[in-house]
Amino acid sequence: MRIVFMGTPEFAVPSLEALLASEDQVVGIVTQPDRPKGRGHELAPPPVKLVAQRAGIPFLQPLKIRTPDFLEALAAWKPDLIAVTAFGRILHAPILNLPPKGCVNVHGSLLPKYRGAAPVQWAVINGETETGITTMLMDEGMDTGPMLLQERIPILPDDTAGTLAPRLAEVGGRLLVETISRLKAGAIAPCAQDHAQATMAPLLKKEDGMIDWTGSAQSIVNRVRGMSPWPGAYTFYGQERWNIWKAAAVQEPAQGQPGTILIGAKQSLKVATGNGLLELLEIQTANSKRMSVGQFLAGHRIDSGVRLGAATV
RNA sequence: CGCGGGGUGGAGCAGCCUGGUAGCUCGUUGGGCUCAUAACCCAAAGGUCAGAGGUUCAAAUCCUCUCCCCGCAA
């Protein structure tokens, strides 16, 4: 079959590579335009583009999807099927209807849970112990199409969004190839989602990383995990912004108001929460790199009793 | 030419503005204390202060350039 692949970030790379290694032919790739990134204003190519170049497969980086030009270019590739993993754009009907076999999407959750742009992160933030990959036939909604295959994987207690995503992406690649193969054989029955069970996993915003100390210690741990490596969970020590990269709930009763710092022996820094104590393990302050709390305390004088929270003037 | 912070013994920081024998917390090593210890006490080792040039009697500190790192913003 002739397949067009659409995808953008690192998460999409295993899907593309799995397709390239499969019996089907990837005749074209669509990815997002290079974007300014990093400290200067250098343009950074999306990971999928790099793979496309290395594989020597023609690719497009349209600024806008809903144009006659793009649709024409897509049609010229004569795809039997379009495979989509984390492309980052909504496909409208003219594209969805283009390939005879339809458009297959790889989604990083157990649909109908966690529809949307950040399913991996929100699953971790909500403390799920299991997630997975769902392949589906795309329709015009946001991850609402009928499901094809699903595979579950556990979320480990120490997983962050950053450690979980690559594992899911691998499963995604495998499941994508299997899905296509079974579609060709007519050995798969699309199964409508139970829309009543649907939940949303919207794109993460910076503010989603703001730690609410009135929550439980475990809920804060989960937020820290889900916001890593981007955009990061944070709080304020006075006016100074602290990014928290690793934390653990401690089996001790909290002392003081939520957010109160407790400096202990052994170079430890614990914080009272709405329910339980939270020990900070890895921290990053402005203009500095992330470091263990032990290292941080070696060079910074932090007093017990100070409250973390919103920025104070 | 997007804005800003920084590179000081192994780690994290102070000192720089107001030039003049390099300091703090921790780690390491040795010793002591202790039933014992990741705890405590004593001692030691370890730095061409990122690099190059300049000003000066004298530069970590002032000026110029280079390299590297980081935060914000995207």
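Note that the structure is predicted; figures quoted are calculated from it, not measured. These values consider heavy atoms only, across backbone and side chains, with no hydrogens, waters or symmetry-generated copies. Numbers restart at 1 for each chain; the letters A, B, ... are given by sequence-line order, proteins then strands.
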Is the side chain of A:Thr135 donor-acceptor paired with the backbone N or O of A:Leu149 at a distance under 3.5 Å, no angle test? yes

Nucleotide nearest A:Lys206 (side chain, heavy atoms from C-beta), chosen from B:rG12, B:rC72, B:rA73: B:rA73

Quick one: A:Trp242 CH2 to B:rG71 C1', roughly how many Å, whole number? 16 Å

Rounded to the Å, how far apart are A:Gln284 CD and B:rG5 P? 18 Å

Identify which one of A:Phe59, A:Phe5, A:Phe70 satisfies the side chain to side chain contact (heavy atoms under 4.5 Å, CB included) criterion when paired with A:Val30. A:Phe70

If the C1' atom of B:rA60 is compared with that of B:rG6, how far apart are they to the nearest Å? 14 Å

Between atom CZ in A:Phe236 and atom C1' in B:rC72, what is the gap in whole Å? 12 Å

What interatomic distance, in whole Å, is found between P of B:rA50 and the corresponding atom of B:rG10? 13 Å

Can you check the A:Asn243 CG to B:rG71 C1' distance for me, whole Å? 9 Å

For the pair A:Leu81 and A:Asp24, evaluate side-chain contact (heavy atoms from CB on, under 4.5 Å) and give the outcome as yes or no after the intermediate values. CA-CA 10 Å; A:Leu81 179 147; A:Asp24 294 301; over 6 Å; no

Check every atom of B:rA74, B:rU25, B:rC13 against the side chain of A:Trp230 and return the nucleotide holding the closest atom. B:rA74

Taking atom P of B:rC72 as reference, at what distance in whole Å does atom CZ of A:Arg290 sit? 12 Å

Rounding to the closest angstrom, what is the interatomic distance between B:rC57 and B:rG19 at atom C1'? 12 Å

Taking atom C1' of B:rA73 as reference, at what distance in whole Å does atom NZ of A:Lys205 sit? 19 Å

State whether the side chain of A:Arg2 and the backbone N or O of A:Lys78 hold a donor-acceptor pair below 3.5 Å, judged by distance alone. yes

Against the side chain of A:Gln295, the closest entry in B:rG12, B:rA11, B:rA74 is B:rA11

A:Tyr234 OH to B:rC72 P: how many Å, rounded? 11 Å

Pick the C1' atom in B:rA59 and in B:rG20, then give their distance to the nearest Å. 9 Å

So which nucleotide from B:rC70, B:rC13, B:rA11 ends up closest to the side chain of A:Ser288? B:rC13

Taking the six-membered ring for Trp and the single ring otherwise, decide whether the centroids of A:Trp242 and A:Tyr237 are under 6.0 Å apart. yes

Would you kindly compare A:Leu297 and A:Met291 by the position of their nearest RNA chain B nucleotide and give the one closer to the 5′ end? A:Met291

In whole angstroms, how far is the C1' atom of B:rC13 from the CZ atom of A:Arg301? 13 Å

Among the nucleotides B:rC70, B:rG71, B:rC13, which one has an atom lying closest to any side-chain atom of A:Ala286? B:rG71

If we take the C1' atom in both B:rA52 and B:rC13, what is their distance in whole Å? 27 Å

With the side chain defined as heavy atoms from C-beta on, A:Arg241 is closest, among B:rC72, B:rA11, B:rC13, to B:rC72

Among the nucleotides B:rU25, B:rC70, B:rA74, which one has an atom lying closest to any side-chain atom of A:Lys289? B:rC70

